[in-house]
Amino acid sequence: MAVSVSAYGTGAGGLINGNNRNLQLQQQQQQQGLIILKTRTLQFKRVAVAGKGVVVVRSQKGGVFENVAVINGKSTGALKSESVEDELARVMRDRAGKDRGAVRVAYQGCPGAYSEAAAIMAHPGCQGVPCKSYEDAIWAVEFRRADRAILPVESTLEGSVVRNYDLLVHGSLHIVQEIQLFVHYCLLVAPGVRREDVRRVISHPMALAHCGHTLARLGLDSAPVHDTAGAAELLLNDKLTDTAAIASCRAAEIYGLRVVARGVQDESWNTTRFLVLARGSDLPPPPQEEEHRPLKTSIVVAHGGGLDALFKVLSAFSKRKINLTKFEVKPRAAALLRVLDVNGGGTVREFEHVFYIDFEASVADLNAQSALEELREAMTFVRVLGCYTADSKIYSLD
Ligand SMILES: O=C(O)C(=O)C[C@]1(C(=O)O)C=C[C@@H](O)C=C1
């Protein structure tokens, strides 16, 4: 099995060689590496960081070298093997065994990102597939490197991420689930850095927006990076001593960072809604009487413009007493929307005027089907993006 490896530490041993034939280590897969340096008190001699949160370090304790494995932030204590490489191979074999058969969920960011947390809420025990961008996460599913993709699409503080809805309709994936997550941010610094040394904060642009008032109050500059956990990782990698990262407490644990402030988002109830995407589109089972979890259907509608279109869409749903939970008008200033027409032989079509709509009914419901029929007759284009069970709870990382 190929694993990614990178190295950190103070000792002369440095990197476990990426070309080690026995382990088929492949540095180009570095993206999958997860750094967990919880053992601040140890002098690192050799440190290997492998995929899925496994770290094997050769440490110096009281002048004696020993091998220590740190898995997901928890030290397993001294290991039997004298050889770090053997230990790494063993841990990776175990890990591969555990991962076999697990649902592979692609998300944007590094381990410790909120999207990864949403992936775990959606599929406990899943195998996370970290990706550089949202597009990559979608492609990972389209090209079968993953079974599901996670896409953040709206937050209570900033509203809809229309760009991510647009990405969704460029491809052929279906929405199969939604996850709502309380997003509470922490301010993290590298070990040894003091709060008063911090001049600048780095994080995902959405996280910086969610904490805009706090940052202004503290008089801190900010700079965007790919994701919140990526910001945490950067603090360690680049040994930043004047910079803090906005990320989760979970990211602090994973990367061995210090939490200097909690709950730094501008509102305590800040929640992000994620969509889970898959290649297939099995209809969810109808809800049980006692469940109070209605089914939801998401659609994209393109039209010729004007108020008339808005009226026709609203009337198709209101006269059938179908509740709308989302009605998003794509801003006209935005680029034309390119949609994959899955019913039209997979052709790509471009539209200027677009609505994104969620309604409370199954797409199989006769009432909903007649509303969709009416829309298809009156609008330029209608595509069902998915039908899934509404998420009645809001998950929390705390
Ligand atoms: O950077 C992360 O941790 C992400 O998972 C991305 C993301 C987003 O794109 O909105 C997800 C949730 C939070 O709202 C902040 C950032």
Side-chain angles (χ1 to χ4, degrees), residues 31-32 34-35 53 105-123 126 128-138 140 146 148-168 177-188 201-215 222-237 243-255 257 259 262-277 328 391 394-398:
Q31 246 293 308
Q32 300 213 334
L34 168 55
I35 303 130
V105 187
Y107 62 91
Q108 190 256 355
C110 302
Y114 289 95
S115 300
E116 188 206 31
I120 295 168
M121 308 294 175
H123 288 281
C126 67
V129 181
C131 297
K132 274 224 168 81
S133 63
Y134 300 118
E135 286 93 328
D136 286 354
I138 290 175
R148 300 277 187 275
I150 290 276
L151 204 59
V153 288
E154 63 192 61
S155 72
T156 44
L157 275 172
E158 288 294 305
S160 285
V161 188
V162 174
R163 222 184 94 75
N164 281 357
Y165 268 100
D166 291 356
L167 278 182
L168 167 61
Q177 196 179 349
E178 66 174 354
I179 290 285
Q180 308 208 76
L181 183 69
F182 276 123
V183 172
H184 293 171
Y185 298 107
C186 297
L187 205 58
L188 315 180
V201 169
I202 54 175
S203 197
H204 185 279
M206 186 58 88
L208 294 174
H210 288 162
C211 303
H213 294 162
T214 310
L215 295 182
S222 64
V225 294
H226 275 306
D227 71 298
T228 57
E233 187 182 18
L234 208 64
L235 290 190
L236 269 186
N237 286 0
T243 305
I246 291 179
S248 64
C249 296
R250 195 167 150 261
E253 246 174 55
I254 291 176
Y255 298 101
L257 299 174
V259 178
R262 286 170 196 269
V264 292
Q265 69 280 356
D266 293 340
E267 295 290 353
S268 60
W269 37 259
N270 184 38
T271 303
T272 296
R273 176 174 175 243
F274 296 85
L275 298 177
V276 183
L277 312 178
E328 190 72 36
D391 192 6
I394 306 181
Y395 293 90
S396 169
L397 288 180
D398 308 326

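When a residue number appears, it is its place in the shown sequence, counting from 1. Read the numbers this way: they start at 1 and go in the same order the structure lists the ligands and their atoms. Worth saying up front: this structure is predicted, and the values here are computed from it rather than measured.
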Element-labelled atoms of ligand 1 that are located less than 4.0 Å from some non-hydrogen atom of [X]:
{"X": "S115", "value": "4 (C), 5 (O), 6 (C)"}
{"X": "Y185", "value": "13 (C), 14 (O), 15 (C)"}
{"X": "T228", "value": "1 (O), 2 (C), 3 (O)"}
{"X": "A113", "value": "2 (C), 3 (O), 5 (O)"}
{"X": "M206", "value": "10 (O), 14 (O)"}

Using a 4.5 Å cut-off on heavy atoms from C-beta on, say whether the side chain of [Y] contacts that of [X].
{"X": "H210", "Y": "T272", "value": "yes"}
{"X": "Y134", "Y": "P152", "value": "yes"}
{"X": "E328", "Y": "Y165", "value": "no"}
{"X": "I120", "Y": "R250", "value": "yes"}
{"X": "T156", "Y": "W269", "value": "yes"}
{"X": "F274", "Y": "V276", "value": "no"}

The answer for which part of P152 has a heavy atom under 4.0 Å from ligand 1 is side chain
Would you please determine whether H210 falls within less than 4.0 Å of ligand 1 on a heavy-atom basis?
yes
Correct closest heavy-atom pair for G230 and C110 would be CA-SG, 3.6 Å
Looking at Y114, Y107, Y134, the heavy atom closest to atom 9 (O) of ligand 1 belongs to Y134
for atom 14 (O) of ligand 1, nearest protein heavy atom and its distance come out as T272 OG1, 3.0 Å
